[in-house]
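Written below as structure tokens is the structure these notes are about.
Computation of the quantities below employed the complete heavy-atom set of this structure, encompassing side-chain atoms and omitting hydrogens, waters and symmetry-equivalent molecules. Start at 1 with the first residue, then count along the sequence.
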Amino acid sequence: MKLNFDYIIIGAGSAGCVLAARLTEDPDVTVALIEAGGRDTAPEIGLPIAFPQLFKTEFDWDFATEPEPALNGRRVYLPRGKGLGGSSSINAMVYIRGNRADFDDWSRRGAAGWSFEEMLPYFIKSEANEIHRGGLHGKDGPLNVANSRSMHPLVDRLVQAGVEAGFPRNDDFNGEQQFGVGRYQVTQRNGTRWSAASAYLHPASSRSNLHVFTNALVRGIEFDGKHARRVLVSQHGEELTLLAEREIVLSAGAYGSPQILMLSGVGPADSLGALGIKSIVDLPVGENLQDHPFVVLNYLTNEESLLTAASEEGFRLFSQEQRGPLTSNVAEGGGFIASRPGLDAPDIQITMGAVVFADEGLTAPSAHGYGLGPSLLKPTSRGKVALRSARPDAKPRIFCNLLTTPEDKAAMISGLRACLGIARQPSLKAVQRAVQSEPASDRDADIWDYIQQHAGVIYHPTSTCSMGRVVDCLLNVQGVHGLRVVDASVMPSVVRGNTNAAVIAIAEKAADIMTGRATR
């Protein structure tokens with residue numbers, strides 16, 4: 001078995017799949033891709049509507065927060081993809097890049113090279129958009145982006161209710177303007193999920209210079225002095241040591257990458273010392289965790305919802321015509337709004353679906369319904385990831401610290417009030433049979449009480465190894481050599497929207513940085 005490689009990539013999620021494909025375009029370069037999970041062969045991965053069935057299975061790391069102080073001490077469920085494709089194999093497939101202001105703010109705060117104009121070529125390079133054309137979109141990239149083939153009529157009503165509530169219609173949230181309500185585009189091809197593994201890894205899998213290790217848990221990174229040289233792996237009961245001739249790249253996500261760094265001696269020296277881990281370099285690894293808090297309003301209806309998607313007709317439409325309710329990503333529609341006047345960019349994202357969403361997606365609905373709710377896009381609250389123990393198989397301690405600042409609380413209350421306004425518009429009132437879950441009244445106190453009882457996150461963790469704090473602008477871990485981080489953890493702040501598209505663009509840019517190709 002080959003155990004020495006030019007590059008070793010830890011994590012076959014979205015970033016890892018991109019890097020593995022791009023680096024092995026050079027036949028003289030050898031790459032090892034290490035993934036703790038297995039192959040992405042489960043039928044539920046390809047069937048868009050089935051992604052909640054992957055929660056709390058072998059395809060999910062199944063994390064949870066520590067007790068959340070602003071949410072009555074509740075622990076919040078945190079699904080993360082485990083297996084080829086990572087979270088792009090279990091997510092809701094919404095294609096949102098973020099807002100121009102996100103990347104320009106990164107650049108303005110010191111992340112040189114990461115402005116929107118410098119990132120746009122990588123969004124374009126990665127994208128194959130079936131619908132939108134022009135200078136902001138790509139048509140030849142690996143990542144297929146399409147309109148939903150479900151087109152559930154209840155989502156049309158949800159969007160129309162948003163228009164009736166005074167929000168503009170927007171048919172391209174990745175276009176010139178992000179504000180407005182409309183339908184989301186999805187990372188699908190022919191009505192099935194198009195994950196980062198589908199887009200990047202599988203087309204490269206036959207290359208002799210790419211070696212993929214699945215069901216392989218990384219125990220740590222070994223250094224020669226301050227040079228990262230070896231990755232220690234447990235696979236099928238065997239202990240392996242892989243040697244990197246050039247670089248080791250961490251792409252294990254906003255929870256996994258800081259955990260592996262800290263296990264390897266890179267992180268807060270005092271905390272590591274308390275666990276008996278020798279410090280290699282003292283860095284604020286795991287700090288600055290950001291995610292999008294999210295809460296849902298649910299309503300019952302006599303209209304057909306996604307509750308009966310798995311009907312005989314639903315399966316016929318999917319198998320014969322690659323359309324119908326089984327192609328739904330559930331979150332088919334939504335929008336971007338401001339919680340208060342005067343904002344130049346949205347701070348609230350609204351997600352809409354033609355099904356009741358309860359119990360963090362873990363309980364199947366029992367009646368026809370629909371849901372909508374806000375997520376807070378630019379939280380000021382900050383959390384952290386810490387080690388629970390020095391064992392690599394122990395789950396990390398995750399403190400999201402959601403909604404703990406007055407600014408976040410006020411914005412979330414405003415966002416939920418806006419969703420209540422949408423729910424009461426004629427297009428939805430005409431089909432609403434009953435309220436399943438909403439605040440007791442429009443008063444701030446009742447809205448906040450509802451948020452405390454029901455809020456979670458929408459699964460967009462970022463910034464735990466952020467540029468300027470843990471890595472430099474070339475994504476090198478500061479204070480050591482031969483080690484980079486390439487995933488959502490390097491974001492200085494979370495983007496306004498779903499994070500998968502931005503992670504893929506970050507990895508595209510990182511591949512150019514690593515190979516010395518001129519950045520686009």
Side-chain angles (χ1 to χ4, degrees), residues 55 61-80 87 91-92 98 102 253-255 258-259 284 286-297 331 334 336-337 339-340 346-351 357-362 371-386 388 395-419 437-439 444-464 466 488-489 491-499:
F55 292 172
W61 283 97
D62 187 18
F63 295 135
T65 69
E66 297 298 301
E68 286 291 323
L71 302 182
N72 297 333
R74 291 188 295 112
R75 294 179 185 268
V76 173
Y77 170 51
L78 305 172
R80 300 312 294 163
S87 292
N91 69 359
D102 298 324
Y255 304 138
Q259 180 183 20
E287 302 288 340
N288 199 37
L289 172 63
Q290 298 165 49
D291 203 334
H292 292 143
F294 177 58
V295 68
V296 184
L297 305 167
F336 294 85
I337 67 172
S339 67
R340 64 185 191 278
D347 66 337
I348 296 290
Q349 180 176 2
I350 298 171
T351 300
F357 183 90
D359 188 28
E360 300 179 293
L362 298 173
L372 73 160
S375 55
L376 179 61
L377 292 174
K378 298 304 288 187
T380 58
S381 304
R382 296 290 183 266
K384 71 175 181 178
V385 175
R388 190 174 302 279
K395 294 181 181 181
R397 300 182 70 192
I398 301 170
F399 304 84
C400 281
N401 208 33
L402 302 167
L403 301 171
T404 53
T405 66
E407 298 87 350
D408 289 359
K409 177 179 176 180
M412 199 67 175
I413 289 171
S414 176
L416 192 57
R417 182 174 283 116
C419 289
S437 57
E438 70 172 17
D444 280 6
D446 286 332
I447 293 176
W448 178 242
D449 182 64
Y450 184 86
I451 291 168
Q452 286 184 298
Q453 292 182 55
H454 298 284
V457 293
I458 205 162
Y459 322 134
H460 300 154
T462 70
S463 307
T464 50
S466 54
S489 71
M491 295 183 186
S493 60
V494 66
V495 296
R496 289 173 171 86
N498 309 67
T499 48

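Checking side-chain atoms of N288 against main-chain N and O of P492 turns up a donor-acceptor pair under 3.5 Å. A donor-acceptor contact shorter than 3.5 Å is absent between the side chain of N401 and the backbone of S381. Without hydrogens or angle criteria, Q349 side chain to G334 main chain gives no donor-acceptor distance under 3.5 Å.
Partners of Y255 according to the ring pair (Phe, Tyr, Trp, His ring centres under 6.0 Å) rule, which considers only residues two or more places apart in sequence or in another chain, are F63. In this structure S339 satisfies the side-chain contact (heavy atoms from CB on, under 4.5 Å) test together with L343, D347, I348, A411, S414, sequence neighbours excluded.
Ionic pairing of R388 and E66 is present here: one or more N-O contacts between side-chain nitrogen and carboxylate oxygen are shorter than 4.0 angstrom.
Of all non-hydrogen atoms in G253 and S489, the two that sit nearest each other are O-CB, 4.2 Å. Shortest non-hydrogen contact noted between A70 and T404 is CB-CG2, 4.0 Å. Contact record, F294 with G373: CE1-O, 3.6 Å, taken as the closest heavy-atom pair. In plain terms, the two heavy atoms of G497 and F336 that are nearest each other are CA-CE2, 4.2 Å. Nearest approach of A455 to R74, heavy atoms of both residues: O-NH2, 2.7 Å. For T499 against T462, the heavy-atom pair with the smallest separation is CG2-CG2, 3.9 Å.
In this structure, OG on S466 lies 8.0 Å from CD on Q290, to the nearest 0.5 angstrom. Between the NZ atom in K409 and the CG atom in L376 there is a gap of 14.0 Å [rounded to 0.5 Å]. A distance of 3.5 Å separates CD1 of I458 from OG1 of T351, quoted to the nearest 0.5 Å. Atom OG of S493 and atom CE of M491 lie 9.0 Å apart (nearest 0.5 Å). I398 CD1 to Q259 CD: the interatomic distance, rounded to the nearest 0.5 Å, is 8.5 Å. L362 contributes atom CG, which lies 8.0 Å from atom CZ of F357 (distance to the nearest 0.5 angstrom).
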Run the side-chain contact (heavy atoms from CB on, under 4.5 Å) test on F55 and D62 for me, step by step, so that the C-alpha distance in whole Å, both residues' side-chain angles and the decisive distance to 0.1 Å come before the verdict.
CA-CA 7 Å; F55 292 172; D62 187 18; over 6 Å; no
Show your reasoning for whether side-chain contact (heavy atoms from CB on, under 4.5 Å) applies to L377 and H292.
CA-CA 6 Å; L377 292 174; H292 292 143; 4.0 Å; yes
V494 vs D291, side-chain contact (heavy atoms from CB on, under 4.5 Å): CA-CA, chis, key distance, verdict
CA-CA 7 Å; V494 66; D291 203 334; over 6 Å; no
Might you work through the side-chain contact (heavy atoms from CB on, under 4.5 Å) test for E360 and V76, ending with a clear yes or no?
CA-CA 8 Å; E360 300 179 293; V76 173; 3.5 Å; yes
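A donor-acceptor pair shorter than 3.5 Å can be found between the side chains of D408 and T380. Side-chain atoms of S437 and Y450 form a donor-acceptor pair, as typed in the model, at a separation below 3.5 Å.
Counting only heavy atoms from C-beta outward, the side chains of R80 and P461 approach each other to under 4.5 Å. Looking at Q452 and L403, their side chains never come closer than 4.5 Å, going by heavy atoms from C-beta outward. Put simply, the side chain of K378 reaches to within 4.5 Å of the side chain of D102, judged on heavy atoms.
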